[in-house]
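For reference, the structure is listed below as structure tokens.
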There are 4 protein chains.
Amino acid sequence: MARKPLVNPRKMASQERSRATVDALIEATARILVRDGFDKASTNRIAEEAGVSIGSLYQYYPSKEALVAAVIERHNQQTMRVVRGALAELATLPVEQAVRSLVAIAIEAHRIDPRLHRVIAEQIPRVGQLENVETFSRDNYALFRAYLEAHRDELRIVDAELAAFVCVTSIEALTHMAVLHRPDIASDDAVATLVDEATRLIVRYLRE
Amino acid sequence: MARKPLVNPRKMASQERSRATVDALIEATARILVRDGFDKASTNRIAEEAGVSIGSLYQYYPSKEALVAAVIERHNQQTMRVVRGALAELATLPVEQAVRSLVAIAIEAHRIDPRLHRVIAEQIPRVGQLENVETFSRDNYALFRAYLEAHRDELRIVDAELAAFVCVTSIEALTHMAVLHRPDIASDDAVATLVDEATRLIVRYLRE
Amino acid sequence: MARKPLVNPRKMASQERSRATVDALIEATARILVRDGFDKASTNRIAEEAGVSIGSLYQYYPSKEALVAAVIERHNQQTMRVVRGALAELATLPVEQAVRSLVAIAIEAHRIDPRLHRVIAEQIPRVGQLENVETFSRDNYALFRAYLEAHRDELRIVDAELAAFVCVTSIEALTHMAVLHRPDIASDDAVATLVDEATRLIVRYLRE
Amino acid sequence: MARKPLVNPRKMASQERSRATVDALIEATARILVRDGFDKASTNRIAEEAGVSIGSLYQYYPSKEALVAAVIERHNQQTMRVVRGALAELATLPVEQAVRSLVAIAIEAHRIDPRLHRVIAEQIPRVGQLENVETFSRDNYALFRAYLEAHRDELRIVDAELAAFVCVTSIEALTHMAVLHRPDIASDDAVATLVDEATRLIVRYLRE
DNA sequence: GATGAATGAGCCTTCATTCAT
DNA sequence: TATGAATGAAGGCTCATTCAT
């Protein structure tokens, strides 16, 4: 009965048509997830929305979970793509600029596809073993911790682990909440203030 | 007529026997929610876990949602009971103590039933109209905002709304994350440090 | 499993209070039958409507069927009461008047409680073995057949059985349809014409 | 949105296999309707009787009602096929022959599947908005009324509407009752007499 | 007797998944 | 490979009926 969760795509779609099918499926899944929520996202519905037969769906994804995982994966990758560059040059920046930059990146990341991001964060039963969303957070987190250790002399770092936790968690929470639930705070007009405030929060905390 | 969301209990269990049934149902619901997650919490499963017939379940709760709402309700009330006193005396405290107190309360609140708290926070499709969990947050939030405005002269408050958002969101996130995902940070030994750090984060942010 | 249909009341309610309970139950059943239809008439609902506990309901009637049977029974008896007198004096009347009288009686009978009559006729799965409604028809029918035989000389009666079938069936159908489905035809203004026409139909058929 | 009564088939079975499934379903529904009555015709039972999975049933029919509607539809169509020709040439016939013909047709129609006809007539909660069975009756009725008006000069027609009501209702009732409840009257031997009598009833009624 | 809490068979329906074509 | 018909476990829920109090 309890067949172990198959969460990996079945075959790497090498040929062109396959590629299109796979894309259509992921696109359709994301669309339904956003439009109707996780519970309404049945495989049959996804297949239909993708204009693909249910049989073909299972040709590429062995389970509903695999499909959702693929959507998350793709979302994460899109986020990475947006964020990676900015993240890379963080190391070279002075504290205030680094933090400001990090906050800005976080907001940008949440703005990529906020509705999808929200569904992923709130509705998806944790897929497989990993806490999918957090996977991405980890990188972020490790990177920031490294930054702190590299700048130990400028800052009051007692416990870099703990400090990283405090900073990354706060930034993530503030940007997530603002973008997804507080249009007043994250609007184009207001967002600069949000960045200022978040930066102030973190920088003052980190300084001696 | 069309009262879709049946989220209210059906009848107040008055007799002793029925009181026990209702308790068993809520207890069972909470247990399953924690152990298996929202999606696995079917009414049949809940009834079985409660050692009660499915018919009895529906005698008291008109839907799965109502049951979950009851669990949330109960959890919120437990939280309230723990928190209310502490929250009340906040107003009279100087900033540092007030913040420290707030952080401590938040941690305490998250420790009441962390696993249930997590399920409620992460998995429950928003029941009824209100964003159930946040209902509680709101109080917290309004209260804090009032505090800020009352202490305007001691603090650098440009926008009380925004400042409250930053502080409450951060505290909530830090305590939630620490208690639920970072046993190293929220352990009995370590928790004092966490309180220190969170307090520092908020207080420095608020000061001129 | 398939317990044989228990369609008889459980005990003759001899005492006064019991009598009241039984009445309330039948009344409630009839009301629900008319208002909501057979399918919505659950025993719990009936008990509630009657202001009686479900336990008491089963004290007096061993099944839902028994309850419905009792309603039909009561309706039939009411009908009888209205009709018997008129039916009795039929024998002495000349053909035209007898038929006219029969038609009038039939209309009167259908008007006693048309909505209940309709539910009984259309929705009730045939209870027990007997075709409940027709039970009453039989009397009617036998009586009319006797009349025909008694008036053989005035009429063209080849097969009294068949003639009675033709007449009784037609009268029953016309009055039933008119009263229940054709307000235009059975209205107080129009009903005299209906009687005329039905009488004409039957009398001409019977005459040499 | 709110399209409560799902009474239409879900998809037109195009492939051969599905055609067979759909047939099996309708056949099974009719069989159960006849054998056990409407209330016992549950979707699970129907699927089982059809030798089809419950899932397949719902692939083609969205509800029990839709299935029953399909059975009625099919029955009506069979009736139409039998009756249409005869009905068409009615207009050209002289009164006596026309009526005789109509009676004969009615009997023939009731003989197509008498037990099913009975269930449809007596037990089916009116499906959809229309009084399904009567749909067919209406045609019959309108047609007859037209005939009466066309032959006004030969007949005593005061109120064609009323006259049509009297005739059609009587014929329908007589043939229905005879075929379904009076094997003695509708047997192959006896049926000619029934036709004679019914014809006499109607013709005498209509003549000056 | 009356009460109403409890029961559980059974109904309707969805949906992930398989497999013959 | 693609298709879509078929499957059946499982979920939500109702209701006739029983039985301890």
- Message: Would C/Asn76 and C/Glu73 count as a side-chain contact (heavy atoms from CB on, under 4.5 Å) here? Give the steps.
- Response: CA-CA 5 Å; C/Asn76 281 351; C/Glu73 174 79 12; 5.6 Å; no

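- Between the CD atom of B/Glu48 and the C1' atom of F/dG12 there is a distance of 16 Å, given to the nearest Å.
- Side-chain atoms of D/Gln59 and D/Thr21, non-hydrogen and from C-beta on, never get closer than 4.5 Å to each other.
- Side chains of C/Ser18 and C/Tyr60: a donor-acceptor N/O pair is present below 3.5 angstrom, by distance only.
- Taking the ring axis of C/Tyr58 as reference, the NZ or CZ atom of C/Lys64 does not stay both within 45° of it and closer than 6.0 Å to the ring centre.
- The minimum heavy-atom distance between B/Thr29 and B/Ile46, with the atom names listed, is OG1-CG2, 3.4 Å.
- Between C/Ser53 and B/Gly51, the residue whose closest nucleotide on DNA chain E is further toward the 5' end is C/Ser53.
- A/Ile32 places its CD1 atom 11 Å from the P atom of E/dC15, with the value rounded to the nearest Å.
- Rounded to a whole Å, the OH atom of C/Tyr60 is 18 Å from the C1' atom of F/dT17.
- Counting to the nearest Å, the C1' atom of E/dT3 and the CG atom of C/Leu25 are 14 Å from each other.
- At the heavy-atom level, D/Thr21 lies under 4.0 Å from the strands shown only through sugar-phosphate atoms.
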- Task: Please report the C-alpha distance between A/Leu57 and A/Asn44 in whole Å, then the side-chain angles of each, then the deciding distance to 0.1 Å, and finally whether the side-chain contact (heavy atoms from CB on, under 4.5 Å) criterion is met.
- Result: CA-CA 9 Å; A/Leu57 183 156; A/Asn44 284 300; over 6 Å; no

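- Contact annotation: the side chain of A/His75 never approaches that of A/Ile72 to less than 4.5 Å [non-hydrogen atoms, C-beta and beyond].
- Between A/Val119 and A/Arg115 there is no side-chain heavy-atom pair separated by less than 4.5 Å.
- As rounded to whole Å, 14 Å separates atom C1' of F/dA10 from atom CD1 of B/Ile46.
- Computed from coordinates, the B/Leu57 CG to F/dG12 C1' distance equals 10 Å when rounded to whole Å.
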Every protein N/O within reach of nucleotides 14-16 of chain F N/O, cut-off under 3.5 Å:
from: F/dA16; atom 1: OP1; to: C/Lys64; atom 2: NZ; distance (Å): 3.3
from: F/dA16; atom 1: OP2; to: C/Thr43; atom 2: N; distance (Å): 2.5
from: F/dA16; atom 1: OP2; to: C/Thr43; atom 2: OG1; distance (Å): 3.0
from: F/dA16; atom 1: N7; to: C/Asn44; atom 2: ND2; distance (Å): 3.2

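- With sequence neighbours excluded, the residues that form a side chain to side chain contact (heavy atoms under 4.5 Å, CB included) with B/Glu27 are B/Arg31, B/Arg74.
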- Map every base of DNA chain E to its dot-bracket character, where paired means a Watson-Crick or G-U wobble contact with both distances under 3.5 Å and | marks a partner outside the strand. .||||||||||||||||||||

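- Put simply, CZ on D/Phe38 is 13 Å from P on E/dC11, counting in whole angstrom units.
- Counting to the nearest Å, the C1' atom of F/dT17 and the CG atom of C/Leu67 are 13 Å from each other.
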